[in-house]
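Take a look at the structure below.
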Amino acid sequence: MVQVNNISKSFVNRKKKRIEAVKNVSFECRSGEIYGLLGPNGAGKTTTLRIIATLLKPDSGSVIVNGLDNQKEPDKVRAMIGFLTSDMKVSGNLTGREFLKFFGQLNHLSEEKIEERTRMLVEMLEMADFIDRSPNKLSSGMKQKLSIAISLIHDPQVIIFDEPTNGLDIFASRVVTDFLKEMKRQQKTIIISTHIMSVAEKLCDQLGLIFNGQLVENDTIENILKKHEAVEIEDVFFAYANSMGVSQSA
């Protein structure tokens, strides 16, 4: 389980102005669930995920991952987490298989375990046709699949994906969403961010709507729709966007 308790984070921009990126955000995600942070670009999704993954320290609040405080025991928490960041780029002359071996070794996996995990990930993510090619020869969808495999080579219990289907065509997107559903069936704890309504509706058991760093909704999609007497989550999303003065081009 991941418990996010009233985390806040601010930054100083180039104009020396303090920007509140995340404001008192709280939610939890249990094993066998997918929690989605849905919001426009710049809403605070990535900052929230980086705090959970120990890459950023919150100004206040705490994050508990499987009973461990992620600020007090960051190394133990990192070992439990597979984090796919939106700016993760694979490049160079190593093949996909060599990348997986390298990151498996970084995570202290045995050669046998690396081979086992590689076979499983290649099959589930449909990577057989390109796993022995270098990233420089791959499409964006292939690179995204490889990045996902790299982030999960150590078989983490907690999966954190920042915009996992961003920039993918419909075929690659389907493979990734089906993969996440299988991880859910394996009782992983999964947190994703997205600005794509259809991804949130297909995948998420619980949904957090985030605008300007604030979590304005935190419930099941069914309950959110019932509360707002809406048919689609898109209607709720744009109602909040309009009320909070969020540009639709954000």
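Count residues from 1 along the sequence.
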Rounded to the nearest 0.5 Å, how far does CE of M142 lie from CD of E126?
11.5 Å

With a 4.5 Å heavy-atom cut-off, do F237 and M197 have their side chains touching?
yes

How far apart are the closest heavy atoms of L180 and I34, and which atoms are they?
O-CD1, 4.0 Å

Nearest heavy-atom neighbours spanning G141 and A172
CA-CB, 4.4 Å

Restricting to pairs with a member in residues 52-76, which pass ring pair (Phe, Tyr, Trp, His ring centres under 6.0 Å), not counting sequence neighbours?
none

Quick one, M124 and M183 - any side-chain contact, counting heavy atoms below 4.5 Å?
yes

Within 6.0 angstrom of E201 CD, more than 12 heavy atoms from elsewhere:
yes

D69 side-chain N/O to I64 backbone N/O, donor-acceptor pair under 3.5 Å:
no

Taking atom types as modelled, is there a side-chain donor on E111 or Q105 under 3.5 Å from an acceptor on the other?
yes

Identify the heavy atoms of K143 and L138 that sit nearest to each other, and give their distance.
CE-O, 3.5 Å

Would you check if T118 and I153 make a side-chain contact, meaning some heavy-atom pair closer than 4.5 Å?
yes

Are E20 and R18 close enough for a salt bridge, meaning some N to O gap below 4.0 Å?
no

Does L203 offer a backbone N or O that forms a donor-acceptor pair with the side chain of K181 under 3.5 Å?
no

Would you say the side chain of L225 lies within less than 4.5 Å of the side chain of I233, judging by non-hydrogen atoms?
yes

Any donor-acceptor pair under 3.5 Å from S151 side chain to F83 backbone
no

For residues L215 and F211: do they belong to one hydrophobic cluster (side chain heavy atoms under 4.5 Å, members Ile, Leu, Val, Met, Phe, Trp, Tyr)?
no

Would you say F102 and L84 are hydrophobically clustered, going by side-chain heavy atoms of ILVMFWY under 4.5 Å?
yes

Applying the 4.5 Å side-chain criterion to the ILVMFWY set and letting contacts propagate, would I148 and L106 be lumped into a single cluster?
yes

Any luck finding a side-chain donor-acceptor pair between T85 and D162 under 3.5 Å?
no

Return the CD1 to OG1 distance between I51 and T46, rounded to the nearest 0.5 Å.
11.0 Å

As an exercise, state the distance from CG of L68 to NZ of K76, rounded to the nearest 0.5 Å.
6.5 Å

Salt-bridge criterion met for K101 and E98 (N-O under 4.0 Å)
no

Which residue, I191, D205, I190, V4, forms the side chain to side chain contact (heavy atoms under 4.5 Å, CB included) with C29?
I191

State the CG-CE distance between L125 and M120, to the nearest 0.5 angstrom.
8.5 Å

K184 atom NZ: more than 12 heavy-atom contacts under 6.0 Å
yes

Non-hydrogen atoms of C204 and I192 that approach each other most closely
SG-CD1, 4.1 Å

Side-chain (K57) to main-chain (Q71) donor-acceptor, under 3.5 angstrom:
no

Between Q157 (side chain only) and Q187 (backbone N and O only), is there a donor and an acceptor less than 3.5 Å apart?
yes

What verdict does the side chain to side chain donor-acceptor pair (under 3.5 Å) test give for S62 and N5, after you've listed the backbone C-alpha separation in whole Å, the side-chain angles of each residue and the deciding distance to 0.1 Å?
CA-CA 5 Å; S62 65; N5 305 310; 3.2 Å; yes

Heavy-atom pair with the smallest gap, counting every atom of A21 and T47
CB-OG1, 4.1 Å

Would you say the side-chain atoms of S193 pair up with the backbone N or O of E163, donor to acceptor, closer than 3.5 Å?
yes

Is the backbone N or O of P156 less than 3.5 Å from a side-chain atom of K188, with the two atoms forming a donor-acceptor pair by type?
yes

Which pairs count as side-chain hydrogen bond (donor to acceptor under 3.5 Å, both in side chains) when at least one residue sits in residues 212-227, sequence neighbours excluded?
Y35-N218, E217-K227, E217-H228, E217-Y240, D219-N223, T220-N223

Which heavy-atom pair separates P164 from L168 by the least distance, and what is that distance?
O-CD1, 3.7 Å

Does the side chain of D75 reach to within under 4.5 Å of the side chain of R78, using non-hydrogen atoms?
yes

Compare all side-chain heavy atoms of V175 with those of K145 and state whether any distance is below 4.5 angstrom.
yes

Heavy-atom check, side chain of L121 versus side chain of F179, under 4.5 Å
yes

Please answer: with hydrophobic residues joined when any side-chain heavy atoms are less than 4.5 Å apart, are I224 and F27 in the same cluster?
no

Which pairs count as ring pair (Phe, Tyr, Trp, His ring centres under 6.0 Å) when at least one residue sits in residues 111-166, sequence neighbours excluded?
none

So does N13 have more than 12 non-hydrogen atoms from other groups sitting under 6.0 Å from CG?
yes

Hey, does R117 have a side-chain heavy atom less than 4.5 Å from the side chain of L100?
no

Between D169 (side chain) and F171 (backbone), is there a donor-acceptor pair under 3.5 Å?
yes

Do V199 and L37 sit in the same hydrophobic cluster, where Ile, Leu, Val, Met, Phe, Trp and Tyr count as joined when their side-chain heavy atoms come under 4.5 Å apart?
no

Step through the shown structure and confirm whether more than 12 heavy atoms of other residues, nucleotides or ligands are within 6.0 Å of NZ on K202.
no

Determine whether the side chains of N70 and T54 contain a donor N or O and an acceptor N or O closer than 3.5 Å.
no

